[in-house]
Amino acid sequence: MSTPDIPRNTPWHAAYPAPKSEVNSLPRQELLRWLKEGKQPGKDFVLVDVRRNDFEGGTIRGSLNLPAQSLYHTRPALYTLLKSGDVKRVIWYCGSCNGRGPRAAAWFADYLVEKQDSSIESLILEGGIKGWAAAGSEYTELMDEYDASVWAKS
């Protein structure tokens, strides 16, 4: 699907409706606890990294990469997959979780409201991937393609 014509220098997300839902944050310590207890991304919950071109430096092990810029129109397919897999929680993150992550989480929460489905929870990873990578080796050992030199620049 193409996006509507929007003036140059307009943020990419202006082509879509502003999210309406309020979404809760999940502290990174809680996600770490889940992972250390043996809960599995893709089974017990789904992690979604919404970064597109700033994916360098690594990602939390087990995450899907669904760029925020392509998410709005793919919500129905994602919902169907999550519902068929009986997933109860989706945790969204971007760099710092100040823009794309919260927007994606709220768009998905809006879709859940449209479907009148309260069985799936849409959450934001507090601090995003930057907060995860800065929290120490206990966190970075759970990253794929971790590159410390990228995070030293942040």
Side-chain angles (χ1 to χ4, degrees), residues 1 12-13 16 19-154:
M1 281 189 173
W12 65 268
H13 54 84
Y16 307 105
K20 298 176 193 129
S21 296
E22 293 290 323
V23 180
N24 292 323
S25 292
L26 179 72
R28 70 179 150 270
Q29 299 88 341
E30 181 72 5
L31 178 57
L32 179 68
R33 186 177 64 77
W34 291 356
L35 294 169
K36 291 197 176 246
E37 288 176 354
K39 290 187 178 179
Q40 298 175 3
K43 180 180 176 192
D44 299 306
F45 57 91
V46 170
L47 283 168
V48 183
D49 185 339
V50 297
R51 296 176 295 158
R52 179 174 64 176
N53 56 0
D54 55 342
F55 198 61
E56 66 182 351
T59 190
I60 301 169
R61 188 164 298 129
S63 297
L64 299 172
N65 179 235
L66 300 174
Q69 293 82 350
S70 64
L71 176 69
Y72 191 81
H73 294 291
T74 61
R75 295 176 311 155
L78 179 61
Y79 172 77
T80 300
L81 289 169
L82 295 173
K83 192 72 177 166
S84 66
D86 199 31
V87 172
K88 300 296 182 205
R89 293 186 180 111
V90 184
I91 300 101
W92 307 84
Y93 67 91
C94 58
S96 59
C97 278
N98 289 324
R100 292 168 294 180
R103 186 172 291 108
W107 275 335
F108 193 71
D110 289 349
Y111 190 78
L112 293 171
V113 169
E114 288 173 31
K115 299 300 280 182
Q116 299 180 348
D117 188 340
S118 59
S119 70
I120 301 173
E121 186 177 16
S122 186
L123 299 161
I124 304 160
L125 179 61
E126 188 177 80
I129 191 70
K130 289 179 181 178
W132 186 272
S137 62
E138 191 174 26
Y139 292 83
T140 59
E141 69 187 15
L142 294 171
M143 289 176 69
D144 289 330
E145 299 181 29
Y146 174 70
D147 181 348
S149 67
V150 171
W151 302 109
K153 300 178 213 171
S154 299

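Residues Ala68 and Trp107 share a closest heavy-atom pair of O-CZ3, 4.0 Å. Looking at every heavy atom in both residues, Met143 comes nearest to Gly58 through CE-C, 3.7 Å. Residues Tyr16 and Gln69 share a closest heavy-atom pair of OH-O, 3.9 Å. Of all heavy-atom pairs spanning Trp151 and Gly57, the tightest one is NE1-O, 2.7 Å. Closest approach of Gly62 and Asp144 over heavy atoms only: N-OD2, 4.1 Å. Nearest heavy-atom pair across Pro19 and Ala106 is CB-CB, 3.3 Å.
Remark: Lys20 NZ is loosely packed, at most 12 non-hydrogen atoms of other residues, nucleotides or ligands lying under 6.0 Å away. Surrounding NZ of Lys43 are at most 12 heavy atoms belonging to other residues, nucleotides or ligands under 6.0 Å away. Crowding of Glu22 atom CD: a count of heavy atoms from other residues, nucleotides or ligands under 6.0 Å not exceeding 12.
In this structure the side chain of Ser122 never reaches within 4.5 angstrom of the side chain of Ile91, judged on heavy atoms. Counting heavy atoms from C-beta on, the side chains of Asp110 and Arg75 come closer than 4.5 Å. Within the 4.5 Å cutoff, no side-chain heavy atoms of Leu112 are placed close to those of Ser118. Proximity of Leu125 to Ile60: side-chain heavy atoms (C-beta onward) are separated by under 4.5 Å at one or more points. Looking only at side-chain heavy atoms (C-beta outward), Lys88 and Asp86 come within less than 4.5 Å of each other. The shortest distance between side-chain heavy atoms of Asn24 and Glu121 falls below 4.5 Å. Residues Asp49 and Leu64 fail the side-chain proximity criterion, which asks for heavy atoms closer than 4.5 Å. Proximity of Ile120 to Val90: side-chain heavy atoms (C-beta onward) are separated by under 4.5 Å at one or more points.
Ring pair Tyr79/Phe108 is tilted by interplanar angle, where 30° to 60° counts as tilted. Ring geometry for Trp34 versus Phe45: interplanar angle of 30 to 60°, hence tilted.
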List the steps and the verdict of side chain to side chain contact (heavy atoms under 4.5 Å, CB included) for Gln40 and Leu35.
-> CA-CA 7 Å; Gln40 298 175 3; Leu35 294 169; over 6 Å; no

Go through Arg51 and Glu56 one step at a time and tell me if the salt bridge (Lys or Arg N to Asp or Glu O under 4.0 Å) criterion holds.
-> CA-CA 9 Å; Arg51 296 176 295 158; Glu56 66 182 351; over 6 Å; no

Audit row: Ser21, Val113, side chain to side chain contact (heavy atoms under 4.5 Å, CB included) steps and yes/no = CA-CA 8 Å; Ser21 296; Val113 169; 4.1 Å; yes

Glu126 vs Arg28, salt bridge (Lys or Arg N to Asp or Glu O under 4.0 Å): CA-CA, chis, key distance, verdict = CA-CA 6 Å; Glu126 188 177 80; Arg28 70 179 150 270; 5.2 Å; no

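To the nearest 0.5 Å, atom OG1 of residue Thr140 and atom CG of residue Asp147 are 11.5 Å apart. The CG atom of Leu32 lies 10.0 Å from the CD atom of Glu37; values are rounded to the nearest 0.5 Å. Distance check, rounded to the nearest 0.5 Å: CG of Leu26 to CH2 of Trp92 gives 14.5 Å. To the nearest 0.5 angstrom, Leu78 atom CG is 14.5 Å from His73 atom NE2. Considering CZ of Arg89 and CG of Leu47, their distance stands at 12.0 Å, rounded to 0.5 Å.
Side chain of Ser70 to backbone of Leu66: no donor-acceptor contact under 3.5 angstrom is found.
Ionic pairing of Lys36 and Glu141 is present here: one or more N-O contacts between side-chain nitrogen and carboxylate oxygen are shorter than 4.0 angstrom.
Screening Tyr146, Tyr93, Trp132 for a side-chain hydrogen bond (donor to acceptor under 3.5 Å, both in side chains) with Thr59, the sole residue that qualifies is Tyr93.
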